Amino acid sequence: MKKWTMLMMGMALALLLAGCGVSSSDDASDDLVFVSQSNARIVSVVLRGDHFEQGAQNADNSPLARDNSLGFEVAGYPVTVTVYSGPNGQGAPLATCTVEEAPAEGERWYVAARDSGGDIRLEIGTQWPEDAG
């Protein structure tokens, strides 16, 4: 029974990561954009709220290249953003942050992954992050 439950949870997460509310471009309807400004192996990004979970990754499960972005239409705030080195949100989380409230009208949140002494830190802002190097 435990294997069946895990299989169903894995399938549900895979469906969520397949693109529900996610775009790989800077779509005008996106209210949160994840930007990789790290050399770390970031493969998937998962957003979790009180009543939803969604995520995204490259179709071939390859790591996001530096300056790649993933856009999300968030179903509600607060939302926790977590990055993983494995596909479908698998493996230990590399970094996590929480965005407490929806962006102001006409704005969006940018969550940038940056290298920080061998780790990754996530920074939240309202402007496209400048690449620090």
Side-chain angles (χ1 to χ4, degrees):
M1 182 57 108
K2 188 175 182 178
K3 286 183 183 180
W4 176 255
T5 302
M6 293 301 291
L7 176 64
M8 292 306 291
M9 287 175 38
M11 289 176 56
L13 182 59
L15 287 173
L16 286 169
L17 292 174
C20 177
V22 177
S23 68
S24 60
S25 62
D26 199 16
D27 190 322
S29 63
D30 295 338
D31 56 338
L32 188 146
V33 177
F34 173 82
V35 183
S36 176
Q37 301 235 302
S38 170
N39 293 319
R41 186 180 195 281
I42 298 172
V43 175
S44 58
V45 179
V46 177
L47 277 59
R48 292 182 180 92
D50 287 341
H51 304 288
F52 72 94
E53 181 171 308
Q54 67 188 71
Q57 62 196 28
N58 286 329
D60 64 356
N61 295 334
S62 64
L64 295 172
R66 188 177 200 97
D67 291 326
N68 279 171
S69 65
L70 298 168
F72 298 87
E73 284 185 60
V74 179
Y77 288 85
V79 62
T80 300
V81 179
T82 307
V83 296
Y84 295 90
S85 62
N88 303 321
Q90 295 175 348
L94 299 173
T96 190
C97 71
T98 300
V99 181
E100 296 294 336
E101 59 190 42
E105 186 159 341
E107 291 190 355
R108 63 174 51 130
W109 292 117
Y110 293 94
V111 176
R114 296 193 186 275
D115 296 321
S116 178
D119 291 325
I120 299 173
R121 74 178 186 282
L122 300 180
E123 297 177 351
I124 305 166
T126 57
Q127 295 184 359
W128 186 271
E130 296 295 322
D131 191 348

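Note that the numbering runs from 1 along the sequence shown for the chain. Any value given below was found using the heavy atoms of this structure, including those in side chains, with hydrogens, waters and symmetry copies removed. All values derive from a computational prediction rather than experimental measurement.
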Closest heavy-atom pair and its distance - [X], [Y]:
{"X": "Pro129", "Y": "Tyr110", "answer": "CD-CB, 4.0 Å"}
{"X": "Trp109", "Y": "Glu101", "answer": "NE1-O, 2.8 Å"}
{"X": "Gln37", "Y": "Asp67", "answer": "NE2-OD1, 2.8 Å"}
{"X": "Phe34", "Y": "Val83", "answer": "CE1-CG1, 3.4 Å"}
{"X": "Arg41", "Y": "Pro63", "answer": "CG-CG, 3.7 Å"}
{"X": "Thr98", "Y": "Pro78", "answer": "CG2-CB, 4.1 Å"}

(message) Rounded to the nearest 0.5 Å, what separates atom CD1 in Ile42 from atom CZ in Arg66?
(response)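 If we round to the nearest 0.5 Å, Ile42:CD1 and Arg66:CZ are 10.0 Å apart.
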(request) Measure the CG-CD distance between Asp30 and Glu73 for me, rounded to the nearest 0.5 Å. (result)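 Separation between the atoms: 6.0 Å.
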(request) Could you please spell out the steps behind the side-chain contact (heavy atoms from CB on, under 4.5 Å) verdict for Phe72 and Val111? (result) CA-CA 11 Å; Phe72 298 87; Val111 176; over 6 Å; no
(message) Asn61: which residues meet the side chain to side chain donor-acceptor pair (under 3.5 Å) condition with it, sequence neighbours left out?
(response)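 By the side chain to side chain donor-acceptor pair (under 3.5 Å) rule, Asn61 matches Gln57.
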(request) Could you tell me whether the side chain of Val74 reaches within less than 4.5 Å of the side chain of Val99, counting heavy atoms only? (result)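 Heavy-atom side-chain distance check fails, nothing below 4.5 Å.
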(message) Between Glu53 and Leu47, is there a side-chain heavy-atom distance shorter than 4.5 Å?
(response)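 A side-chain contact is absent here, since even the closest heavy-atom pair is not under 4.5 Å.
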(message) Would a single hydrophobic cluster contain both Val45 and Val43, if residues Ile, Leu, Val, Met, Phe, Trp and Tyr are joined by side-chain heavy-atom contacts under 4.5 Å?
(response)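 No, separate clusters.
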(message) Taking Gly86's backbone N and O only, do any of them form a donor-acceptor pair with Ser44's side chain (distance below 3.5 Å, no angle check)?
(response)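 Confirmed, Ser44 side chain pairs with Gly86 backbone.
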(message) Quick one: does any side-chain atom of Asn58 pair with a main-chain N or O of Asp60 as donor and acceptor, under 3.5 Å?
(response)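 Side chain of Asn58 to backbone of Asp60: no pair is present.
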Which atom pairs, donor and acceptor, lie under 3.5 Å between side-chain atoms of residues 116-127 and protein residues at least two apart or in another chain?
| unit_1 | atom_1 | unit_2 | atom_2 | d |
| --- | --- | --- | --- | --- |
| Arg121 | NE | Glu123 | OE2 | 2.9 |
| Arg121 | NH1 | Asp115 | O | 3.2 |
| Arg121 | NH2 | Glu123 | OE2 | 2.7 |
| Glu123 | OE1 | Arg114 | NE | 2.6 |

